[in-house]
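What follows is a set of notes on a single structure, which appears directly below.
Remember, it's 1-based here, ligands and their atoms both numbered in the order they're listed. All values below were derived from every heavy atom in this structure, side-chain atoms included, with hydrogens, water molecules and symmetry-related copies excluded.
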Amino acid sequence: MSTKLYNRLTFSFKRRGMVMYNELAEKNKKYVWHPFTQMQDYINEDPLIISHGKDRKLFDMQGNEYYDGVSSIWLNVHGHNIRELNEAIIHQLDQVAHTTLLGMANVPAILLAEKLVEISPDGLEKVFYSDSGATAVEIAIKMAFQYWRNIGRREKNLFVTMKEAYHGDTIGAVSVGAIDIYHQAYSSLLFPSLKLPYPNMYRPKYEGTAEDIKQAYLAEVENLFQEKAHEIAALIIEPIVQGASGIIVMPEGYLKALHKLCIQYDVLFIADEVATGFGRTGKMFACDLENVTPDILTCGKGLTGGYLPVAATLTTNRIYEAFLGTYEEQKTFFHGHSYTGNPLGCAVAMANLELFEKNQLLEHVDKISLFIQEKMMKFHELLHVGDIRQSGMMIGIELVSAKGTKEPYHWNDRIGVKVSKRAKELGLLTRPLGNVIVFMPPLASTESELAEMIEILHQSIKDITENKE
Ligand SMILES: *Cc1c(COP(=O)(O)O)cnc(C)c1O
């Protein structure tokens, strides 16, 4: 194609794009209320409107392209517009789009349940579907609560959660959440939960060697259990990585030891793997890193490869069997959603898991997470990078105003927001958590893609934190 023709084509495409863009931006402002967004700020800026995606890139209506550096908020696995995933949906669409799971079944929901039991930690045998991470957590809470009622131990009705935990935004999930800026406004609406500190090795609550610190955190759990386990239904935790609090990675051996305490004190162990599941930490589930089988496991996000809203709550036969009884006994689990077990979602989840195997994605993650770790070494030279935390493909870069004292940036500095904005200008989408820059690219990202993304991150942090305007 001649350059002249090419220029003319792109010019007319862009001009049409612009007209559409302005119209849509206006309608976006007029009609849409965005999640976790201060709309007063947002409506004064030109919105990013995505028009399409291909593999690890997203394209906006103005013709700009970006790497999807947070996997569209921690969901995406293989990339966007992946042929096999698209085809799975189209194929299912030719059969039926949705039928209910209330008292009847559908083909993809059955096959996916079998697959989930096969790939999840040994001992998880039953799958209860829903449609988001938050609902998977609601189900876990209600299941644990009713389990103890059904076996005649109603006094076990308290929940233990970790400080700074995030389990979703519905009221039950917020009740076991503990991030003040998200949750405090609703405090009087919530059921109370007991809170323990998540082991944080960058800002430890205790002094001593890493081992001392880990043991001190565990001792706190045991003290609580000694006093209250007879009233505790379950403990819920984000295994290996506490995500929304800033990608906090727990020390090795902690999860296993915590699980052991739960068994010892007869407290149900709920692993919220909504963020960590499906290869994010390098294993299929984070619990696999320490050979832990929780009593209840929640998953969502990556389950459909980032395509459709399907989530699942997996549990053991021990829990399941406590809900069996005659109709009159009312031990039934009275819970369900209109779209529970949605066939389109389950079909694409199956295709996602098939691609995991076909592309040997877990082996790929092993390789590229090491690649990322090495490439990020040079970030330590940046003046305001306090800590780099990584588990597989979950990476958090904590920016601090002074490295020696770990002095945090003030909330009003909006340092994370500024770095992300700069990264966007340079062609990478991320969304920060306060002062922590989150890097969570799709698992299928290639080394050369990752090298470019990491270069942009490095440049953005340097531009914002070292060149004072
Ligand atoms: C994202 C997340 C949730 C909530 O999932 P949604 O699909 O947004 O409702 C729950 N738990 C954890 C650990 C998460 O990261």
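In W74, the part holding a heavy atom less than 4.0 Å from any atom of ligand 1 is the side chain.
Between K205 and E220 there is a salt bridge, since at least one side-chain N of the basic residue sits less than 4.0 Å from a carboxylate O of the acidic one. Ion pair R318/D295 flagged as a salt bridge, since at least one NZ, NE, NH1 or NH2 atom sits closer than 4.0 Å to an Asp/Glu carboxylate oxygen. A salt bridge links K358 with E84: the distance from a Lys NZ or Arg NE/NH1/NH2 to an Asp or Glu carboxylate oxygen falls below 4.0 Å.
Close approach to G168 involves these atoms of ligand 1, each under 4.0 Å from a residue heavy atom: 4 (C), 10 (C). Annotation for ligand 1: atoms under 4.0 Å from non-hydrogen atoms of A134 are 4 (C), 5 (O), 6 (P), 9 (O). Here is the list of ligand 1 atoms found below 4.0 Å of a heavy atom in A275: 15 (O).
Although no hydrogens or angles enter the test, the distance criterion places a donor-acceptor pair under 3.5 Å between the side chain of S132 and the main chain of T135.
Side-chain contact, H337 with H335: a donor N or O sits under 3.5 Å from an acceptor N or O.
When only interatomic distances are considered, the shortest N/O to N/O separation between D272 and ligand 1 falls below 3.5 Å. Any N or O atom pair closer than 3.5 Å counts here, and V274 shares no such pair with ligand 1. Close N/O approach between E238 and ligand 1 is not found [any backbone or side-chain N/O within under 3.5 Å].
Using a 4.0 Å heavy-atom cutoff, K301 is listed among the residues neighbouring ligand 1.
By heavy-atom distance, the residue among A165, G133, S130 lying nearest atom 6 (P) of ligand 1 is G133.
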Could you go through R56 and E65, starting from their C-alpha distance and side-chain angles, then the distance that decides it, and tell me whether this counts as salt bridge (Lys or Arg N to Asp or Glu O under 4.0 Å)?
CA-CA 10 Å; R56 268 63 67 190; E65 58 180 80; over 6 Å; no
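Proximity of atom 8 (O) of ligand 1 to the protein is not indicated, since no non-hydrogen protein atom lies closer than 4.0 angstrom.
When every heavy atom of Y166 is checked against every heavy atom of E238, the shortest pair comes out as N-OE2, 3.0 Å.
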